[in-house]
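As a basis for the values below, the full set of heavy atoms in this structure was taken, side chains included, without hydrogen atoms, waters or symmetry mates. Chain identifiers are assigned alphabetically (A, B, ...) following the order of the sequence lines, protein sequences preceding nucleic acid strands; residue numbering begins at 1 within each chain.
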Amino acid sequence: MDALIKNTTITYREAIKQAIREAMQKDEKVFLMGEDVGRYGGAFAVSKGLLQEFGPDRIMDVPLSESGFVGAGIGAALKGMRPIVEIMTVNFGLLAMDQVVNNAATLLHMSGGQLNVPLVIRISCGIGRQLAAQHSHSWEPLYAHIPGLKVLSAGTHEDARHMLQPALNSPDPVIIFEYTFLLNAEGEVSEDAGMVDITKAKVRRQGKDISIITYGAGVYKALEAATVLAAEGIDAEVVDLRVLRPLDNETVFDSVRKTHRALLVEEAWGAVNVSSEVCARIMENIFYELDAPVMRLGGQEVPIPYPKHLENASVPQKEDIINAIKKIMLHD
Amino acid sequence: MENSLDKLHGTDLLYRMMLIRRFEEKSAELYTKEKIRGFLHLYIGEEAVAVGVMQCLKAEDNILSTYREHGHALARGVDAGSIMAEMYGKQEGCSHGRGGSMHLFDIKKNFYGGNAIVGGHLGMAVGMALAARKQQQNSIICCFFGEGAAAEGEFHEAMNLASLWSVPVLFVCENNLYAMGTAIRFSHAVTELEKKGPGYGIETAVVDGMDVLAVEEAAKKATEMIRATGRPFFLVCNTYRFRAHSMFDAELYRDKAEVDEWKKRDPITRLQKSLVGLNIITNEDIEELNGKIETEVQNAVDFAEAGTWEPVEELKKFVYT
């Protein structure tokens, strides 16, 4: 079977671009709009070349009017189009938060089931490029709080490549988080993998001793930590939540039932983040499966500082994951 | 304007405005009886705007409105019973009871709601118009909002986008002079709102919103222009709300004398007088209309009363498809 699956190594940026291109080739109703997506080629060069391929009606540059163009995306979705709206970075997303919360997430309900909003919003986010306090946010939890949204996090190349199509197939609004620090990183993508199941978390590495439950920027760090730990005789499983709303309980519970230990890792500020919710669900549902208390590693509660050493110290690193797991395993 | 004043048309305009008036008077009564809860924003005094504009829209056109939208829904032909049932919170309501007074939706009538975030629907209107253009449909998106919304960033973003993208939106600003209790002079540096259209390259007109025939004529020109060019249009209707902002408003911010002065320009009395004066209809015709409307409103109330509560087991419906 393996021989039939064609793997290619591409950058995260290229993975996203291929996903957009393929979706646009497949369906004329799909169009991309966002700040600088066309003539500039995308603030992070994700959509470079797409304007030339699809023309300005389908690769639409928009003015700096986040609320306006996200609202327009919702309106276009209501009337039969399949817009992909790019919000350049999550910090600008707050300017459109009213549209996301009060319209996109709410219209199906307020209209008593008469309206669907098949809108996809792509947002780049995360820390790691020394962009300081207003451009380094991990606000997945803000969006994951809102009923009516589906919130996805593309922590791997595979998901960057194969999450967009199922998101576009959803009749409900989907937010996809992408990670700017990964853009230049190369990774493997299987071309024939097909669509990601956007209702399910994904076990990225099988293990029997402890479950590292994470998403987004935490996924590769957790995998690297697991490799180091394996050399020391600790066999960690890595669960990529991937779908932050609605959360997939079962994949998480199955993993913890197997390993009996859990470390939750994410870059969002520690208090009231996704890990808080996952931790509570483990306690409520499978407490007696645990051999050790669930531990969390989250972002330090500080606006993200500019200097590299302080930026690094603001979010869990590979070493922090390794240390935390040793602590849990040794009941230290 | 004489030509538009034949008996059939004149009676129709009058009937629609009187229906809105009576329906809302009844709603206020039912609010005090606690049949209707939440916020209730009455349109009384502003009926000429919804009725006049709606005359110029076709079935395939789309309407978005504000939280003060009973009038628009009725003028669009949304069933009065389903609106009343919605305000009761019954599942026979036009939004299955989930929305209430501020969120009336009827997609079969292309009535896209009741939005209760001031200015929150303007961007959507632009997007719906963009979709219409992309799909080469010749429909208009008509978006009602108040002068309060014209102070929101959404207004400026939506006007710019609509003009930039050249899409068929009819922006109808119902300037009733008060954003809740804040008079226009305290919220707009330039109170002649019609001056804001040209800044965005949008064709603009201003009209006496207390005169249904004037509104209709202005909306007719506006919609003809939009259909011919595909471009947006900004129509400012100067009007006045006779009642309080909502049922919780003690109206400390305006004089009774001011309200009384505006009531002399009541759009319903005005049309009645001119139709009777021109011998197009008689006072008996008006009485007959009154009777018909009374029955219709009572039927709506009966429908709402007979409606049923959605089972609590269904609470989590309508969150995901």
Q. NE2/B/His156 to OG/A/Ser65 distance, rounded to the nearest 0.5 angstrom?
A. 11.5 Å
Q | Toward chain A, the part of B/Leu164 with a non-hydrogen atom under 4.5 Å | A | side chain
Q | side chain to side chain contact (heavy atoms under 4.5 Å, CB included) assessment of A/Leu115 paired with B/Ile107 | A | CA-CA 8 Å; A/Leu115 290 178; B/Ile107 305 312; 3.5 Å; yes
Q) Can you check whether B/Leu130 reaches A/Phe69 side chain to side chain, under 4.5 Å on heavy atoms? A) no
Q | chain A contact via B/Lys316 - side chain, backbone, both or neither, heavy atoms under 4.5 Å | A | neither
(Q) Please rank A/Met60, A/Met33, A/Lys150 by heavy-atom pairs under 4.5 Å with chain B and give me the top one. (A) A/Met60
Q | Portion of A/Leu119 that has a non-hydrogen atom of chain B nearer than 4.5 angstrom | A | neither
Q) How about B/Phe39: does its CZ atom have over 12 heavy atoms from other parts shown lying under 6.0 Å from it? A) no
**Q.** Main-chain N/O of B/Gly123 paired with A/Gln99 side-chain donor or acceptor, under 3.5 Å
**A.** no
Q: Please answer whether the main-chain N or O of B/Ser95 pairs with a side-chain N or O of A/Gln114 as donor and acceptor at a distance below 3.5 Å.
A: no
Q: For atom NZ of B/Lys317, decide whether the heavy atoms of other residues, nucleotides or ligands shown that lie under 6.0 angstrom number more than 12.
A: yes
Q: Could you tell me which of B/Ala116, B/Ala158, B/Gly120 has the largest number of non-hydrogen atom pairs under 4.5 Å with chain A?
A: B/Gly120
Q) For B/Asp106, is it the side chain, the backbone, both, or neither that has a heavy atom closer than 4.5 Å to a heavy atom of chain A? A) both
Q: Output, in order, the C-alpha distance, side-chain angles, deciding distance and verdict of side chain to side chain contact (heavy atoms under 4.5 Å, CB included) for A/Asn103 and B/His121.
A: CA-CA 8 Å; A/Asn103 288 328; B/His121 55 311; 5.7 Å; no
(Q) Tell me whether B/Tyr320 contacts the main-chain N or O of A/Leu149 through its side chain, where contact means a donor paired with an acceptor under 3.5 Å. (A) yes
Q: Below 4.5 Å from any heavy atom of chain B, which atoms of A/Glu66 appear? Answer side chain, backbone, both or neither.
A: backbone
Q) CE of B/Met180: more than 12 outside heavy atoms within 6.0 angstrom? A) no
Q. Within a radius of less than 6.0 Å around CD of B/Glu224, do more than 12 heavy atoms belonging to other residues, nucleotides or ligands occur?
A. yes
**Q.** side chain to side chain contact (heavy atoms under 4.5 Å, CB included) between A/Leu107 and B/Tyr112, worked out
**A.** CA-CA 9 Å; A/Leu107 281 165; B/Tyr112 280 78; over 6 Å; no
Q: For side chain to side chain contact (heavy atoms under 4.5 Å, CB included), just list the numbers for B/Asn62 and A/Lys79, CA-CA rounded to whole Å, side-chain angles, deciding distance to a tenth of an Å, and then say yes or no.
A: CA-CA 10 Å; B/Asn62 304 275; A/Lys79 292 307 264 183; 2.8 Å; yes
Q. In terms of heavy-atom pairs under 4.5 Å with chain B, which of A/Ile74, A/Leu95, A/Asp98, A/Val70 leads?
A. A/Asp98
Q) Are the side chains of B/Phe318 and A/Met110 in touch, meaning some heavy atoms are under 4.5 Å apart? A) no
Q: Assess whether atom NZ of A/Lys202 is packed by more than 12 heavy atoms of other residues, nucleotides or ligands within 6.0 Å.
A: no
Q: Answer whether the closest heavy-atom distance between the side chains of A/Met81 and B/Gln135 falls below 4.5 Å.
A: yes
(Q) Using side-chain hydrogen bond (donor to acceptor under 3.5 Å, both in side chains), reason through A/Ser67 and B/Glu157 one step at a time and then give a plain yes or no. (A) CA-CA 8 Å; A/Ser67 186; B/Glu157 293 189 8; 4.5 Å; no
Q | When B/His103, B/Glu154, B/Lys134 are compared by non-hydrogen pairs under 4.5 Å with chain A, the top option | A | B/Lys134
Q.
With heavy-atom distances below 4.5 Å as the criterion, would you say the side chains of B/Arg133 and A/Asp57 are in contact?
A. yes
(Q) How about CD on B/Glu60, more than 12 heavy atoms from neighbouring residues, nucleotides or ligands closer than 6.0 Å, or not? (A) yes
**Q.** Main-chain N/O of B/Thr321 paired to A/Asp172 side chain as donor or acceptor, under 3.5 Å
**A.** yes
**Q.** Those residues that, when tested against A/His137, pass side-chain contact (heavy atoms from CB on, under 4.5 Å) (two or more places apart)
**A.** A/Val90, A/Asn91, A/Trp139, A/Trp269
